Structure formats: C-alpha cells, structure tokens
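The block underneath contains the structure these notes are about, expressed in structure tokens.
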There are 2 protein chains.
Amino acid sequence: MINSLTEENYLKALFNIANQSGEVNVAELSKTLDIKMPTVTSMMKKLAKKKLVHYESYKPLRLTEKGRKEAGLIIRKHRLTEMFLVEKMNLGWEDVHDIAEQIEHIQSPVFFEKMDEMLDYPKVDPHGSPIPDSKGKVVWKDYSKLSDCEAGDTVRLSAVIKTTSEFLKLLNGKGMYLGLKIKIKSIEPFDKSIVISYDKRNAEVLSNLVCERLLVEKIV
Amino acid sequence: MINSLTEENYLKALFNIANQSGEVNVAELSKTLDIKMPTVTSMMKKLAKKKLVHYESYKPLRLTEKGRKEAGLIIRKHRLTEMFLVEKMNLGWEDVHDIAEQIEHIQSPVFFEKMDEMLDYPKVDPHGSPIPDSKGKVVWKDYSKLSDCEAGDTVRLSAVIKTTSEFLKLLNGKGMYLGLKIKIKSIEPFDKSIVISYDKRNAEVLSNLVCERLLVEKIV
DNA sequence: AAAATTTGTTAGATTCGTCTAACTTTATAC
DNA sequence: GTATAAAGTTAGACGAATCTAACAAATTTT
C-alpha cells in the first residue's frame, strides 16, 4: 500500500491541475510533469489498478476518492513544510517550493505532526493556498483574480497562484505581501495592465500576467 | 555529477563501516545494506567509473578522496538533521534516525546552511557522533568503550554507537544521557556486565552488549 | 596440501519508469 | 461531412537497480 515517489508525483499533479469537475487530460498531465504521453498512459493504468485513478481509454482522467485523499495528504505535507520553512527557518516565500517538493515525500507522521503543532495548526501556506486537513480534504475560499476586478475596487491580497521564484521576487521588489490592502486606480483597456496604490506606494503598474496570479478578497 | 539516492546510500555505508585503513569487504557492505553481493559488485564498478571508489577484483573496497568527501557531506546532512530534530523540534534521540535517513538526501544547500546556523554550528549530533565539516571531513575524539574500562574508573558518557531505537530507549529508561558522569563500581568476570553509579542511582547493572556501545572519556 | 568454506564475480532475468515510432481515436476546420 | 490536427494508445526498447544460479578465487580447517 506504499506509493513510490514517482506515483506520488503523478497523484499530486492530478490533484493540482484538476478542473472543477475533477477532470484532467493525459496531454495536460504529460506537459505538467514533463513526461511523454505514453509514459503517462501506462502509469495511469498502474494507478487505476491501485484504485487511485478512474481510467478509461480516451476519456479524461479522474482521481478516485482514495486517490484524492492520498494526493491531499502529500499536498498537506508540502504546504506544511513551506509554512515551516518560512515561519521557523526564515526562508523567503520564493525559496521554499523546491525544498518542500522534496520534503513532501518524507515518510514520518510524527515529523509532520510536530511541524503542524509548532506552527499552531496553520490553515494556509505562505502563498495563501489552503493546507489540506489530516484527511486530505481541502477547500479554497472563493477569491477573485485581481485581473477580474474593476477600477475603484479595494481588495486584500489573499493568495498567489502559479508561483515561480521569478514571480515572487517581482512581488518582493514591489513590496507586496499577503494581507496587503490594494486600491485599483485604473485599468488600461489595451493590455489590461492596472494601476494600483497600497501602503506608501501610489501608482504601481501590474501587467495582466501578474494580475491573473493574484487572488484577492473584495473589501466593502 | 549528481549521485542517485541509491549511490548515496552505498557511499554512506562505505564511509560508515570503513575500518581504520579505510577498507571494506563486499560481503560486509552487502550485509549492511541488505543487498545481495552481485548487486554490490556491479554498483562498485559503477562508482569506480565515477572515481568515487577504488575497485579491483577480489580486493577490499576503498573510497577515493572524492568519494570520501561526498560521503562525508551526506553524513553531515544526516547528523545536522538529527541535531535539528532533537534541538529544534523536540524529538527524542531514539526517534530521529529514520527521519534523518530520508532528509539527508535533500538537495538544497541553503536548507542545511540554515539548520547549521540555527543550531549555532554544532560539532556533534545527539548521539555524540561528530558532524563532518562543510568539506566532508570528520574526526573522532579518542573515546574508550565503557566495556574497556576498569572497576574504580570515573568516566563521562560522550557518545553512543551502533544505536537502535530499542537501545536508546533502554538508556532513557535508566536515566542515562550524554555528558553523564559514571562511576564503575565493579565488573562481573563471568559475563563482563558492570555495576555503575551515577546521578541518584547507585547500583545499575549494564550488560557487556550495552557497554560496548557506550563511548566515554576518563575523568582524572 | 587437500578439502571445505567463505568471499567475490559473471551471466542472465526481472521490475520500474522512461523513451520513440507507429497507429488509432476524437476533435476541429473548412 | 470529409480532411486535418490534436490527443491518446500500443508495441518495443533501454537504463537503473535489483535478483538467482553457477562459477572462480581466496581463506580457513584439518
């Protein structure tokens, strides 16, 4: 009943890229993992045998309940680790992903329970993503993308998605962080770039590519 | 130039079981790793190609300088991790080995540098084993085994070797810890078991099997 | 020193996770 | 609604790390 590191990576990717109905294409998974499609197909058959994935030829892939739980538990370890690295080891939010990507595969319940306890049972990771509970369940709040907001809106930055180290360094450079209150001053119709103000800054410009990766809550 | 997890485990074992002249038998390595001899032979040829091991048919194995360095760096990560788990995460010395065994393979210089810094550059791990320096070099102090001491000697417990969880729990049960000052009251000629006193305890008996795993410094 | 034992190697098979080449099915475009 | 393109599968190969069976060398015993 133990999954290999490789299998864990497939499960995690399936979990992460599932759309609302939980479906994933072979091509998409192949691209995400940078593994050729035939390899993905054969691994899906293997995971189907283990009752972790629903697999039918030429149909979209779906995690089973069991698969979703196991994936959730891996992501739980990943996000707890990220939180630990930021909160207890003073690493930057742009540095923790690659380390967590490795530590998430550690087999040791006590190790992660201890982390959880030391962090006082955090609900989100340093990027605002929710940490799955100990049953692997996770719920996202219904944030909006900053790119879907309108001029005049005042919002709170609640999460960042599709994060890369480059992207997070850009945010660092602009003095942006989770919890930040942002006022949208205007939106450029041509390229959807926006002008915002926050803290002491009065006219920062963010491209649409950036805004699509910022999740916010509207403030009334 | 990256070594696989498997290769790392061979290097580490070679390092750990090398005798004073640095030699290791195939049979010994095979037994330590619980891997059959033919597999070990073929891996040794592979490591020899990578200039990590000196290999000649029917001759004892020896790490090259390069191999010794790489092994030392893995063991450095292992022991730093053990120290971190005990000092910063409050795990018991009997619980940390299996976790460190996994974390030692994490590839992230910054992660281990941070640990080192947080621990204030420790020289030994929770079992008294020296932590190799950042070049992989390690030196053992010249401790004696408690089993080689004589009645009347007063010693300080400085390290524990060949530790298993069971063994460390036995020490916990007897209230023994590193730094403990021990007086040897008598030695039973028949089985070499010894009677010692320390702290508030006045006549604890330790079997020879235990004493062979306790390294001490004589106090003058 | 011959025999027996232990140690080490060779040869060949197996499993896992990957690939490429060729083919099939499904979706898209005209 | 056929042609083209995209997505997915099948078949076969390969490297890594493992194994077993059989053989060879070195060591130990007698």
Side-chain angles (χ1 to χ4, degrees), chain A residues 1-15 17-19 21-63 67 70-71 74 101-102 104-105 107, chain B residues 1-15 17-19 21-63 67 70-71 74 101-102 104-105 107:
Chain A
M1 258 308 98
I2 297 132
N3 303 312
S4 69
L5 190 146
T6 308
E7 289 167 344
E8 289 197 351
N9 284 333
Y10 279 91
L11 289 175
K12 191 171 51 120
L14 281 165
F15 191 106
I17 67 187
N19 57 27
S21 58
E23 299 192 336
V24 178
N25 300 318
V26 174
E28 214 179 340
L29 187 52
S30 163
K31 198 180 163 198
T32 306
L33 292 170
D34 194 22
I35 284 173
K36 297 288 177 288
M37 292 213 299
T39 310
V40 171
T41 297
S42 76
M43 181 58 83
M44 289 307 105
K45 289 180 176 174
K46 186 175 169 198
L47 293 182
K49 235 174 238 166
K50 296 176 91 171
K51 303 287 181 201
L52 295 165
V53 168
H54 293 295
Y55 176 77
E56 288 178 89
S57 281
Y58 299 105
K59 295 268 175 66
L61 307 165
R62 270 178 315 114
L63 285 170
E70 301 207 1
I74 298 160
E101 200 80 7
Q102 299 178 69
E104 69 193 4
H105 301 292
Q107 303 292 328
Chain B
M1 259 307 97
I2 297 133
N3 302 315
S4 70
L5 189 148
T6 307
E7 289 167 345
E8 289 197 350
N9 284 334
Y10 280 92
L11 290 175
K12 192 171 49 121
L14 281 165
F15 191 105
I17 67 186
N19 57 29
S21 57
E23 299 192 337
V24 178
N25 300 319
V26 174
E28 214 177 342
L29 187 51
S30 163
K31 197 179 162 196
T32 304
L33 292 170
D34 194 21
I35 285 172
K36 297 289 178 291
M37 291 210 302
T39 310
V40 170
T41 297
S42 74
M43 180 58 82
M44 288 310 102
K45 289 179 176 173
K46 185 176 168 196
L47 293 181
K49 236 175 237 165
K50 297 177 89 171
K51 305 285 182 204
L52 295 165
V53 168
H54 293 294
Y55 176 77
E56 287 179 272
S57 280
Y58 298 103
K59 295 268 176 67
L61 307 165
R62 270 179 314 115
L63 285 170
E70 300 206 2
I74 298 161
E101 200 79 8
Q102 300 177 67
E104 69 193 4
H105 302 292
Q107 302 294 328

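Residue numbers begin at 1 in each chain, while the letters A, B, ... track the order of the sequences. Computed from a prediction, not measured in an experiment: that's the story for all the values here.
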Notebook entry, point to check: Would you say Thr41(B) reaches dT9(C)'s phosphate, i.e. side-chain N/O to OP1/OP2 under 4.0 Å?
Noted result: yes
Next item on the list: Flag yes if more than 12 heavy atoms outside Lys51(A) fall under 6.0 Å of its NZ atom; otherwise flag no.
Entry: no
Next item on the list: Between dT9(D), dT9(C), dT18(D), spot the one nearest the side chain of Tyr10(B), thanks.
Entry: dT18(D)
Notebook entry, point to check: When the distance from CE of Met43(B) to C1' of dT9(C) is rounded to whole Å, what number comes out?
Noted result: 16 Å
Margin query: Check whether Asn19(B) reaches the backbone of Ser21(B) with its side chain - one donor and one acceptor, N or O, closer than 3.5 Å.
Written below: yes
Note to self: Rounding to an integer number of Å, can you tell me how far Lys59(A) NZ sits from dT25(C) P?
What the structure shows: 14 Å
Next item on the list: Let me know the distance between CE of Met44(B) and P of dT7(C), rounded to the nearest Å.
Entry: 17 Å
Notebook entry, point to check: Considering all heavy atoms of both residues, which atom of Met44(B) and which atom of Leu14(B) are nearest to each other, and what is their separation?
Noted result: SD-CD1, 4.1 Å
Next item on the list: From the options dT10(D), dT10(C), dT18(C), select the nucleotide whose nearest atom is closest to the side chain of Lys45(A).
Entry: dT10(D)
Next item on the list: Please determine, for the side chain of Pro38(B), which listed nucleotide (dA11(C), dG8(D), dG8(C)) has the closest atom?
Entry: dA11(C)
Checklist line | Value in whole Å for how far the C1' atom of dT6(C) lies from CG of Leu29(B) | finding: 17 Å
Margin query: For a quick test of reading the model: is some side-chain N or O of Thr39(B) closer than 4.0 Å to OP1 or OP2 of dC19(D)?
Written below: yes
Check: How close or far is atom P of dG15(D) from atom NZ of Lys50(B), stated in whole angstroms?
Finding: 16 Å
Next item on the list: Can you tell me the distance, in whole Å, between the CD atom of Glu7(B) and the P atom of dA16(D)?
Entry: 9 Å
Next item on the list: Answer with base, sugar-phosphate or nothing: what part of the nucleic acid does Thr6(A) contact at a heavy-atom distance below 4.0 Å?
Entry: sugar-phosphate
Note to self: Closer than 3.5 angstrom, by distance alone: can the side chain of Thr41(B) be matched with the main-chain N or O of Met37(B) as a donor-acceptor pair?
What the structure shows: yes
Checklist line | Rounded interatomic separation in angstrom, taking CD1 from Ile35(B) and P from dC19(D) | finding: 6 Å
Checklist line | salt_bridge(Glu70(B), Lys50(B)) N-O dist < 4.0 Å | finding: no
Checklist line | Nucleotide nearest Tyr58(A) when distance is taken to its side chain, options dT26(C), dT9(C), dT18(C) | finding: dT26(C)
Check: Taking atom P of dC23(C) as reference, at what distance in whole Å does atom NZ of Lys36(A) sit?
Finding: 21 Å
Margin query: Using a heavy-atom cut-off of 4.0 Å across all strands, would you classify Ser4(B) as base, sugar-phosphate, or nothing?
Written below: sugar-phosphate
